Amino acid sequence: MTDKRIIFMGTPEISATVLEGLISAGYNVVAVIAQPDRPVGRKKILEPVPTKVVAQAHNIPVYQPIKIRKEYDFVSELKPDVIITLAYGQIVPQGLLDIPAQGCINLHGSLLPKYRGAAPIQYALMNNEKVTGMTLMKMVKEMDAGEMYATEEVEISPLDNSTSLFKKMGDAALRLILRALPLYLDNKLPGTPQDESLVTFAPSIKPEEEKLDLNKSKEQLFGFIRALSDVPGAYLYLDELKLKIYQSEIVSDEMIGEVGEIIKADKRGLHLQTTNGILSLLSVQLEGKKRMDYMSFINGQPHLLGKKLR
RNA sequence: CGCGGAGUAGAGCAGUUGGCAGCUCGUCAGGCCCAUAACCUGGAGGUCGUGUGGUUCAAGUCCCACCUCCGCAA
């Protein structure tokens, strides 16, 4: 294989998938840099981040600086030939980008120059794209703006949500890096500049955006719901309680009731009137309750018909 | 001890000031119908989260402890 010294930077599950694959393929991963462990859940239990679990299983040292911006002196000592990042979670400072002899490359979750930013995978779903993909690119000071080396396309099924697409993207990222890395390390992979006129952005989704906007079209609502599912979940209010909506389906263009009104609540569906048609809510969760299919929800909520979600 | 909601039939829920444990769906049997996710009749299925806990003539219901699940916050 190669004895080039690789540092992998990444934090969540998708990063762990690729890290595991690189190690299995025999690459010399000398260190992993990840976000610090954070308390998870109500009990505030400190859980190791996914990439840390993988690294430790292979006895690879893990570094978790609180602010990489200021703490990266240790990287020089590791003498990396190349740094590969995927969803690390912090801005990487120029000083760190300059350390590896062969530079820093990033696996980005979109077909650049579309969807630069922190949430490209969610944005692809939100906009009901049919195709997206991973891009291997050079890391530069400006976020996700470096030249592109290679891409791996991924089809988005109408049934995909965030959870399923992240899984697909992780697999695609691994295929991409295994295909492109040998060429890159041999300096046989030329970069292509991004067409700046086609740049769009996918900034991280703010908590207040998780509440659905009923002024939007049924297509936009459908996209939002799947982009935010299974976590954290998009929601509307039913009376004073949050009703999370994890899965929906576009039914028709009919206008039967007022926008936000529940116009059907029986075994054939839980239907919500939107500004331009009907959306069927398939999987929901009321605050304090468990997630359930619409039939179970209707069984326990006898007076839904005619109610309005806000 | 961060705030709050909840454990009752396979699923989702109700259960009023303690007094024979109910509803919707599912399921099983039968009926109606050209037919059905529709409709009608009947049945099965619960030691009400745990506690050889407390109060009471009597606890799903009130009190105590513990376990588990969930929403928010981090």
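From a predicted model like this one, the values you see are computed outputs, not experimental measurements. Throughout, protein chains are lettered first and strands after them, A, B, ... in sequence-line order, and every chain is numbered starting at 1.
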Would A/Lys218 and A/Glu249 pass as an ion pair if we require N to O under 4.0 Å? no
Is there a path from A/Ile177 to A/Tyr88 through hydrophobic residues (I, L, V, M, F, W, Y) whose side chains come within less than 4.5 Å of each other? no
Can you tell me the distance, in whole Å, between the NZ atom of A/Lys290 and the C1' atom of B/G10? 14 Å
Looking only at atom C1', what distance separates B/G10 and B/G71, rounded to whole Å? 26 Å
Ignoring hydrogens and angles, tell me if any N or O in the side chain of A/Gln90 forms a donor-acceptor pair with the backbone of A/Ile66 under 3.5 Å. yes
Backbone of A/Glu254 reached by a side-chain donor or acceptor of A/Gln273 within 3.5 Å: yes
Less than 4.5 Å apart, any side-chain heavy atom of A/Thr200 and any of A/Tyr123? no
Distance, nearest 0.5 Å, that separates CG of A/Asp81 from CG of A/Asp3: 8.0 Å
Separation of B/A11 C1' from A/Arg291 CZ (nearest whole Å): 16 Å
Produce the list of close N/O pairs, under 3.5 Å, pairing protein atoms with atoms of nucleotides 22-26 of chain B; give distances to one decimal.
{"from": "B/U24", "atom 1": "O2'", "to": "A/Asn299", "atom 2": "OD1", "distance (Å)": "3.3"}
{"from": "B/C25", "atom 1": "O4'", "to": "A/Asn299", "atom 2": "OD1", "distance (Å)": "3.0"}
{"from": "B/G26", "atom 1": "OP1", "to": "A/Lys267", "atom 2": "NZ", "distance (Å)": "3.1"}

Using whole Å, what does the distance between atom P of nucleotide B/C70 and atom CG of A/Leu243 come to? 17 Å
d(OH, A/Tyr294; C1', B/G12) in whole Å: 14 Å
Can you check the distance between B/C20 and B/C48, where both ends of the measurement are the P atom (answer in whole Å)? 15 Å
Partner residues of A/Thr151 under the side-chain contact (heavy atoms from CB on, under 4.5 Å) criterion, sequence neighbours left out: A/Leu111, A/Thr135
Check ion pair A/Asp171-A/Arg175 (N to O, under 4.0 angstrom): no
Rounded to whole Å, NZ of A/Lys211 lies from C1' of B/C72 at a distance of 17 Å
Interatomic distance where CD belongs to A/Glu287 and P belongs to B/A73 [whole Å]: 10 Å
Starting from the 5' end of RNA chain B, give me the residue, A/Lys242 or A/Ser296, whose nearest nucleotide shows up first. A/Ser296
Using a strict threshold of under 4.0 Å (side-chain N to carboxylate O), is an ion pair present between A/Lys130 and A/Glu153? no
P atom, B/C13 versus B/G54: distance in rounded Å? 32 Å
Per-nucleotide pairing state of RNA chain B [Watson-Crick or G-U, under 3.5 Å; [ ] pseudoknot-crossing; | other strand]: .((((((..((((.....[..)))).(((((.......))))).....(((.((..]....)))))))))))..
What is the distance, to the nearest angstrom, from the CG atom on A/Leu241 to the C1' atom on B/C72? 12 Å
What does A/Gln301 touch in the nucleic acid at a heavy-atom separation under 4.0 angstrom: a base, only the sugar-phosphate, or nothing? nothing
